[in-house]
2 protein chains.
Amino acid sequence: MAGPKKIKPAKKKASDQRVGRNQKKPTREKIIDAAVKVFADYPYYAASIRMIGKAAEIDHPLINYYFPTKATLFEEVIKHVTDEYYQANITWFEGLEEQNPERGLSLYIDRFFDFAVKHPKALRIVALNLVQAGDREEIPGYRRIREFFTNTKESFKNAIPLQESFRDIEMFTISFNTLAINYLGAGPHYAKLLGFEPGSGQYFSWVKQTMMFVFLPQLKQIISEKQHTR
Amino acid sequence: MAGPKKIKPAKKKASDQRVGRNQKKPTREKIIDAAVKVFADYPYYAASIRMIGKAAEIDHPLINYYFPTKATLFEEVIKHVTDEYYQANITWFEGLEEQNPERGLSLYIDRFFDFAVKHPKALRIVALNLVQAGDREEIPGYRRIREFFTNTKESFKNAIPLQESFRDIEMFTISFNTLAINYLGAGPHYAKLLGFEPGSGQYFSWVKQTMMFVFLPQLKQIISEKQHTR
DNA sequence: ATGAGATTTTAACGATCGTTAAAAATATCT
DNA sequence: AGATATTTTTAACGATCGTTAAAATCTCAT
C-alpha cells in the first residue's frame with residue numbers, strides 16, 4: 001500500500017502506549033521529531049530526507065511511507081511547531097490588562113522567553129525559511145509560515161482589542177514578532193555578535209532589555225491613544 | 001594552470017574596456033554578478049555552481065577556474081555586496097546632526113531605502129543566510145556576514161559619537177538594522193502579509209512609517225541622554 | 001606563422017539528492 | 001497455526017551536486 005493505514009491507527013493496545021521510553025515512540029512521531037531537528041538546522045532545500053532518517057534512526061525511505069513527499073513533511077513540521085506556538089501564545093496575554101504597560105510588556109516577554117527556551121526549534125525554523133517564504137515558488141510549508149505571521153497579528157489584535165489605532169497595532173506587532181524571531185531564532189548569531197555565550201542568561205537578558213527598550217514607548221503610545229479616544 | 005593569470009590582468013587594451021555592452025564584461029565580473037543573483041534567490045547550500053554558470057551564460061566549470069571553491073565564491077559575493085553597503089552607508093549620516101531627531105531619522109531612512117531600491121540583492125543575501133551565519137560550521141562567507149553586523153554597529157557609533165549611552169546605542173542600532181534587513185531583505189514576504197504589491201510604493205511607505213514609529217522615540221531618548229550628561 | 005601561455009569547453013569522478021518498487025519482516029485477525 | 005494486512009528494509013532509478021583533468025580554443029609577443 002502507498003501509506004500507513006488510516007482507518008484504525010489508534011487501535012494499538014492502550015497498554016502499549018507507554019511513551020516513557022524514547023524507543024517505543026510511534027514511527028510517525030519519531031519522524032516528526034527528527035524532522036523538526038533537521039529543519040531547525042538547515043533551510044528547506046538544504047535539509048534532506050536522509051538526514052532526517054539518520055536523526056530518527058530509521059531507514060530513510062520509511063519517511064516516504066508516512067509522508068508522500070519532502071514538501072508535505074515540511075508542511076507537517078511547520079504545522080507542528082506553529083500549533084505549539086499558538087497554543088502557548090494565547091496564554092501569554094492572560095491577566096495583562098490589570099498591569100501597567102511596563103509590567104505587562106515585561107510579563108509578556110518573560111512568557112515568550114519561557115516558551116523560546118523550551119522550544120528553541122520553533123522560531124529558528126521560521127527564521128530559517130522566512131525570506132524564501134515570500135517567494136513565488138509554492139512549497140506548502142512556505143504558505144504556512146506566512147499564515148503564522150498573519151495569525152500572530154490577529155492573536156495580538158484580539159487580545160488587545162481596539163479598532164482606532166489598527167495601523168499602529170499592526171506596525172507594533174509585526175515589528176515585535178520580527179525582532180523576537182530574529183533574536184530568539186538566530187540566537188547564536190546575535191550572541192556571537194555581542195560577545196555573549198549563545199545560550200547564556202546574559203544573552204537573554206540583553207534581548208529582554210532590548211525588547212523593552214524598543215517597544216515600551218510604542219506600547220504606552222498605543223494605550224494612551226486608546227484612552228484618549230474612548 | 002590552476003587559476004587565472006594574476007600578474008598582468010589589467011593588460012587588456014584600454015580601448016577594449018568598453019563595458020557598455022553587457023557582453024564584453026570580463027568573465028570574473030560576469031561570474032560575480034551571476035553569483036549575486038543566484039545567492040539572492042537561494043541560501044548558500046541551496047544555491048549551486050551550475051545555476052550560477054547558467055545565469056552567467058558560461059560553462060559551470062569555468063567558475064572553478066576563477067574561484068577554487070563554491071565557499072570562496074560565496075565569500076567574494078558577500079565581500080562585494082557588503083562593500084557596496086559600507087560605501088553607501090557612511091554617506092547616509094552626512095548633515096544629520098544639523099537636523100532635529102525626526103528630520104534626521106527620516107533622512108537617514110530615505111537614504112537607506114534609496115540604496116535598498118538600487119541594490120535589492122544585498123540585504124536579501126544577508127537575510128537569507130543570517131540564521132546560519134551563527135552556526136559552528138565555518139564557511140568564510142558566514143564570518144563576513146557577522147562582520148557586516150559588527151561594522152554597521154561601529155559605523156553608527158562613530159557617526160553618533162557618545163560614550164555614555166553605549167549600551168543604548170548598541171540596542172538601537174542592532175534592532176534598527178535587523179528590522180531593516182527583514183523588511184527590505186524579505187520584502188515580498190512582508191508585502192504579501194500586509195496585502196501590498198511586493199515592490200510597490202505602498203509597501204515602502206509602510207516600512208518607512210513603521211521604522212519611524214518604532215525608532216523615533218528611542219532616538220529622542222538617546223539624544224536627550226546625550227544632552228543631559230554633557 | 002609559430003609557439004607559449006591564458007582561457008574555455010568537454011567529459012567524467014564520486015557523492016548525495018528525492019522517490020519508487022519489490023522483498024522481507026512484523027503485527028493482526030479468524 | 002495460517003492467511004492477511006501493515007510496517008520496515010533493501011536495492012535501485014534518474015537527477016543534481018562540487019570538483020578535477022584533459023582537450024580544445026583563443027590571445028598575443030616574437
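Chain A is the first sequence line, chain B the second, and so forth, proteins listed ahead of strands; every chain is numbered from 1. Here the structure is a predicted model, which is why all the values come from computation and not from measurement.
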Polar pairs (N or O, both sides) under 3.5 Å between protein and nucleotides 17-21 of chain C?
from, atom 1, to, atom 2, distance (Å)
C:dC17, OP1, A:Ser48, OG, 2.9
C:dG18, OP1, A:Ala47, O, 3.4
C:dG18, OP1, A:Ile49, N, 3.1
C:dG18, OP1, A:Lys70, NZ, 3.1
C:dG18, OP2, A:Ile49, N, 2.8
C:dG18, N7, A:Arg50, NH1, 2.6
C:dG18, O6, A:Arg50, NH2, 3.2
C:dT19, OP2, A:Lys70, N, 2.8
C:dT19, O4, A:His60, NE2, 3.0

Q) Does any pair with a residue in residues 124-134 of chain B pass salt bridge (charged side-chain N to carboxylate O under 4.0 Å, His left out), and if so which ones, sequence neighbours excluded? A) A:Asp135-B:Arg124
Q: Tell me, please, which residues at least two apart from B:Gln87 pass side chain to side chain contact (heavy atoms under 4.5 Å, CB included).
A: none
What's the [atom1]-[atom2] distance between [X] and [N], to the nearest Å?
X	N	atom1	atom2	result
B:Leu62	D:dA24	CG	P	18 Å
A:Tyr66	D:dT9	OH	C1'	13 Å
A:Asp59	C:dA22	CG	P	19 Å
B:Tyr65	D:dA22	OH	P	16 Å

Q: Establish, yes or no, whether a centroid distance under 6.0 Å links the rings of A:Phe113 and A:Trp92.
A: no
Q: Mind jotting down which residue pairs meet the side chain to side chain donor-acceptor pair (under 3.5 Å) criterion with at least one end in residues 196-205 of chain A? Sequence neighbours excluded, please.
A: none
May I have the list of side-chain donor-acceptor pairs in residues 43-52 of chain B shorter than 3.5 Å, sequence neighbours left out?
from, atom 1, to, atom 2, distance (Å)
B:Tyr44, OH, B:Ala71, N, 3.4
B:Tyr45, OH, B:Glu137, OE1, 3.1
B:Tyr45, OH, B:Glu137, OE2, 2.0
B:Ser48, OG, B:Arg50, N, 3.4
B:Ser48, OG, B:Met51, N, 3.0

Q.
Just to verify, what does B:Lys54 make a side-chain hydrogen bond (donor to acceptor under 3.5 Å, both in side chains) with, not counting sequence neighbours?
A. none
Q: Kindly say if A:Thr27 contacts the phosphate of D:dT8, meaning a side-chain N or O under 4.0 Å from OP1 or OP2.
A: yes
